[in-house]
Amino acid sequence: MTLVFPCNADVYLDQELIGWRMARKIDSSGILVLEKLICIETLIMQTSLDLKLLTTFVRAAHSGTLSATAIQVGRTQSTVTMQIQRLEETLGQTLFHRSGSGVRLTGQGERFLGYAERILKLHDEALSAFSDHGLRGAITFGCPEDYLIAFFPALLKSFGTIYPDIEIRVVSAPTPDLHRLLHARQIDMALVSTPITDTDKTKDINEIARTEQLAWVGSKPTLERHDFGTASIPNPNPALAPAPAPAPTIPLALAASNALDHKAACDAMDAAHMPYKISYASNSLAGLIAVARSGLAISVMMQKAVPNDLYILKSPLPPLPKLGLKVATGEGQQSPAIAAFGDHIGKLLPFL
C-alpha cells in the first residue's frame, strides 16, 4: 500500500516504513519535506489526550481545590498541578482561574469539561464491553463511619472479587455532608441515612436497602447504674426528710449537630421532657465509644455498631427512631463501574 502526503513536494510513504519516520525523496526539497513530516507527526503525538490528565481535570473541576483533587486521584498536590499544566499546554488553553482559595473553570474550561466527562465515560464503557477482564475505573464512595465499620468490609470484599480492576476511594462523613459532596460532585456515590418510622410513607421508601435501629449506649446495663462521675450529696440534717431530688441531667455524647442521630436523640429527650446536656461532641465513632466506655456520658449509635463491651439502654430513656440506608448518586449519567457498585450494595446490604 502506498500513501500520498501533500506538501511543497510530493512525498510517497511506504506503509512499512511509517513507524521509522522515513520518506522517499522525490526531488531536491526532499530533506525539507521530511522535516515537515516529522514535525506534523510530533504534533499529532503531542495533542493526544491522556486519560489520567482528563481524570485529574474533571476531579479538580468538581472539587474546586487541588488539595482535594490530590486525595481523590491518589497523587501529591504538586503532581496534580503539573498534570493540569500539561493538559493546558496540550490544548493551548487556560482551563482554570487560580487563586488562594482554589481553582475555578474558565470559559474554555467549562466547555472542555463536557468533552472530558464524555471521553472518560465512553472509555469505561468500551473497556466494559470489549475487555475480557470486566469493568475498570475508579469510584469515590462516601459513607458514615459506623456504616463503614459495620458493612463496608463485606461489601468491598465481595465486590472486589467480582470486579478486581475497579478502584474505590472512601470518604467518611455524616449524611448531610455526603449530600453536599454529592451535589458538588466531589464524590460519585454514597451510602446515606434517611429517618423513617413504622408508618413512614415517603416517596423514596422503595429505595431503602436496609433499616437500622438507633440505640442508647452506655457502660452499665441500665441508666440508673450510671453515676456519670458525680457522687451523691449527703443529707446535712438526717432528722428531716430529704427533699425530693430533681431529675438528674443526663450527659450525652453525640455526633455533630447536623448528624441524624444527634437530632434524633435531642428530639426524643425533648419529647419525653427528660433533662439532658451535650457533654461531648465528636464526628468520630471511636471517640463516642471511648466516652461511653468511660461512663461519663451515654451515646447514640446504630445498634449493629455497638461494641460487645457496651450496653444498649432501654427505659426510662425514650425510644429512638429507625434509620433507612440507601444509595445516593450524583446528578447525570453514571459510569458502568458506579452503576455496578450501587447495584451490588442494593443486593447485598439487606443480608449483612
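If you're wondering where the values come from, they're calculated on a predicted model, not measured in any experiment. Count residues from 1 along the sequence.
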(Q) Quick check on Lys220: does its NZ atom have over 12 non-hydrogen neighbours (other residues, nucleotides or ligands) under 6.0 Å away? (A) yes

Q. Strictly by modelled atom types, are Ser193 and Tyr147 linked by a side-chain donor-acceptor pair under 3.5 Å?
A. yes

Q | Face-on cation placement of Arg118 at Tyr115 ring, 6.0 Å and 45° thresholds | A | yes

Q. Looking at side-chain heavy atoms only, is the closest gap between Phe112 and Thr106 below 4.5 Å?
A. no

**Q.** Ser282 side-chain N/O to Ser284 backbone N/O, donor-acceptor pair under 3.5 Å
**A.** yes

Q: With sequence neighbours left out, write down each residue that passes side chain to side chain contact (heavy atoms under 4.5 Å, CB included) with Lys314, or none if nothing qualifies.
A: Ile312

Q) Are the side chain of His62 and the backbone of Ala184 linked by a donor-acceptor contact shorter than 3.5 Å? A) no

(Q) Is it the case that the side chain of Ser299 and the backbone of Ala253 share a donor-acceptor pair, with hydrogens and angles ignored and the cut-off at 3.5 Å? (A) yes

Q) Can you check whether Gln83's main-chain N or O pairs, donor with acceptor, with Arg75's side chain at less than 3.5 Å? A) no

(Q) Could you check whether any side-chain heavy atom of Leu323 comes within less than 4.5 Å of a side-chain heavy atom of Thr194, counting everything from C-beta outward? (A) no

(Q) What I'd like to find out is whether the side chain of Leu317 reaches to under 4.5 Å of the side chain of Ile298, using heavy atoms alone. (A) yes

Q. For the atom pair OG (Ser257) and NZ (Lys263), what is the distance rounded to the nearest 0.5 Å?
A. 11.5 Å

Q. Is the backbone N or O of Gly330 less than 3.5 Å from a side-chain atom of Gln334, with the two atoms forming a donor-acceptor pair by type?
A. yes

Q: Please work out whether the ring planes of His344 and Phe341 are parallel, tilted or perpendicular, with thresholds of 30° and 60°.
A: parallel

Q.
salt bridge (charged side-chain N to carboxylate O under 4.0 Å, His left out), that's the test. Do Glu88 and Arg98 meet it? Break it down for me.
A. CA-CA 13 Å; Glu88 290 179 326; Arg98 295 163 172 82; 3.0 Å; yes

Q: List the steps, then state whether side chain to side chain donor-acceptor pair (under 3.5 Å) holds for Thr76 with Thr79.
A: CA-CA 5 Å; Thr76 63; Thr79 300; 2.8 Å; yes

Q. Quick one: do the Thr161 and Ser158 side chains pair a donor with an acceptor below 3.5 Å?
A. no

